[in-house]
Amino acid sequence: MTKNILVLAGDGIGPEVCAQAVRVLKKLTGSAFTYSEALIGGAAYDAVGTPFPADTLAKAKEADAILLGAVGGPKWEKLDYSVRPERALLGIRKELGLFANLRPAIVFEALVEASSLKPELVAGLDLMIVRELTGGIYFGEPRGVTTLPNGDRKGINTEVYTTPEIRRIAKVAFELAAKRGGKVCSVDKANVLEATELWREEVIHISKDYPKIELSHMYVDNAAMQLVRTPKQFDVMVTTNMFGDILSDIASMLTGSLGMLPSASLGAKQENGKQHALYEPVHGSAPDIAGKGIANPIATILSAAMMLRYSFDMKKEADALEAAIKKVLGQGIRTGDIMQDGMKKIGTTEMGDAILAAL
Ligand code: NAD
């Protein structure tokens, strides 16, 4: 049966960048996929009063892979927390069990000057952060703010990890490392937090199944420092939800542009071989430039390349797509966010055109 890709374009620049990714996918893969669409985020709230409609969830469960643009914007900021566009992201991750967030930080040769670090520190950088996405302190109980008898208030959040949660994310990291540079660095705070002491023990346990992968451990404070000191020492970093949230943002700045960063969120492989997977750019809905036709579609197109690689095992096509993007950047073609002196500035659709032409 033809595989189905569900496109959840969302808000702001989401529809603009998704449209380019779909054009590129169609050119690259012909009739290999069918495409469907559904509402999410503010667009869904406006249409049906909820950011994550039941119909969207049903389609997401059916789909072989999901491409998501972005959600949110000033129009919906005053809404009750329960129906904010961003709730849809938490909802879809939870409902599909998307526990592994993959965020590559790749520095393209042509954009090496855009990094906030010295070119020699980042030239050729290619690291992958694997963040646990459905556990840890963002979900742990007890949580909340209470008032003590003396009138002081107390805020609590709880870091919780169980062995299955740690083992499955560790496996994702080791499997990825086997296809990349063969190294995993597990990041924790095992000297202070018992939950991450367990994290370290369980990662070591899983590493025994991957004798060819070199495993190291790093405390999160050191990892943050090493990421800006010598980022090229890393291949795959695996870490908890909160540490991953922070470290992946640091790593993204090494590359210099938010408009260039893809991500994937994967669920567990089911017995029938199916694996829920959602691919999306790291950036948000960029309300300041939405509707102007100037957004950079490359992060979303690179997310589509990750989709081809991880959901459909289409390595050749994914490589070709990444090569086409490199070629276009090498030709000096830029959207406004990555513009440099002497380069040619173009808009969203023209960037899609250029990548199609380079394929
Ligand atoms: P943002 O990523 O939307 O924008 C930050 C800055 O980067 C803006 O100046 C924007 O113009 C620029 N930018 C982002 N993507 C770009 C692209 N592809 N091309 C060119 N420039 C780009 O972050 P924000 O402004 O903090 O958030 C805006 C809205 O997006 C908020 O409602 C926020 O909640 C939401 N958001 C959604 C997601 C998501 O859907 N996954 C992620 C982050 C933020």
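Whatever order the structure lists ligands and atoms in, that order sets their numbers, starting from 1. These figures come from a predicted structure and were not determined experimentally.
- For the pair Lys344 and Glu350, the salt-bridge criterion is not met [side-chain N within less than 4.0 Å of a carboxylate O].
- Atom CD of Glu37 sits in a sparse spot, with 12 or fewer heavy atoms from other residues, nucleotides or ligands closer than 6.0 Å.
- The protein non-hydrogen atom at the shortest distance from atom 14 (C) of ligand 1 is His283 CB, 3.7 Å.
- Enclosure of atom CG in Asp341 is not indicated, since only 12 or fewer non-hydrogen atoms of other residues, nucleotides or ligands lie within 6.0 angstrom.
- Comparing Arg84, Glu280, Met260 against atom 41 (N) of ligand 1, the shortest heavy-atom distance belongs to Glu280.
- For the residue pair Asn4/Ser36, the side-chain donor-acceptor check at 3.5 Å is satisfied.
- One distance of note links CZ of Phe108 with CG of Asp126; it measures 9.5 Å at 0.5 Å rounding.
- Between the CG atom in Leu266 and the CD1 atom in Ile169 there is a gap of 8.5 Å [rounded to 0.5 Å].
- The nearest protein heavy atom to atom 3 (O) of ligand 1 is closer than 4.0 Å.
- For the residues Asn296, Ile289, Ile13, the heavy atom positioned nearest atom 21 (N) of ligand 1 is part of Ile289.
- Atoms of ligand 1 found under 4.0 Å from any heavy atom of Asp337, numbered from 1 in the order shown, are 19 (N), 20 (C), 21 (N).
- Considering both main-chain and side-chain atoms, Pro287 never comes within under 3.5 Å of ligand 1 through any nitrogen or oxygen pair.
- With hydrogens left out, the protein atom closest to atom 9 (O) of ligand 1 is Asp288 OD2, 2.8 Å, a heavy atom.
- For Leu89, every heavy-atom contact with ligand 1 shorter than 4.0 Å involves the side chain, none the backbone.
- Remark: the backbone N or O of Lys189 is paired with a side-chain donor or acceptor of Thr196 at under 3.5 angstrom.
- In terms of protein heavy-atom proximity, atom 34 (O) of ligand 1 is closest to Glu86 OE2, 2.5 Å.
- The ligand atoms of ligand 1 that sit less than 4.0 angstrom from a heavy atom of Ala295 are 19 (N).
- For the side-chain contact (heavy atoms from CB on, under 4.5 Å) with Ile289, the lone residue among Ile294, Thr348, Asn296 that qualifies is Ile294.
- Counting only heavy atoms, the protein never gets under 4.0 Å from atom 25 (O) of ligand 1.
- The Gly72 neighbourhood of ligand 1 comprises atoms 32 (O), with distances under 4.0 Å to a heavy atom of that residue.
- Residue Val17 places every heavy atom at 4.0 Å or more from ligand 1.
- One distance of note links CG of Asp11 with OH of Tyr45; it measures 13.0 Å at 0.5 Å rounding.
- Under a 4.0 Å heavy-atom criterion, Ser285 is in contact with ligand 1.
- Annotation: cation-pi geometry not satisfied between Lys3 and Phe312 (NZ/CZ under 6.0 angstrom from ring centroid, within 45° of ring axis).
- The single protein non-hydrogen atom nearest to atom 32 (O) of ligand 1 is Gly73 N, 3.0 Å, given as residue, atom name and distance.
- Residue contacts with ligand 1: Val71 is placed with a nitrogen or oxygen under 3.5 Å of a nitrogen or oxygen of the ligand (distance criterion only).
- Of the protein's heavy atoms, Ala286 CB, 4.0 Å lies nearest to atom 13 (N) of ligand 1.
- With hydrogens and angles left out, the side-chain atoms of Glu113 and Gln340 include no donor and acceptor closer than 3.5 Å.
- Considering backbone and side-chain atoms alike, Ala70 places every N or O at 3.5 Å or more from each N or O of ligand 1.
- By the criterion of a heavy-atom distance under 4.0 Å, neither the backbone nor the side chain of Glu77 is placed next to ligand 1.
- A donor-acceptor contact under 3.5 angstrom links the side chains of Tyr161 and Glu132, judged on distance only.
- The part of Leu258 lying near ligand 1 is the side chain, judged by heavy-atom distances below 4.0 Å.
- The residues Lys75 and Asp46 are annotated as salt-bridged, a charged nitrogen and a carboxylate oxygen being separated by less than 4.0 angstrom.
- For Gly284, a nitrogen or oxygen atom sits less than 3.5 Å from a nitrogen or oxygen atom of ligand 1, counting backbone and side chain alike.
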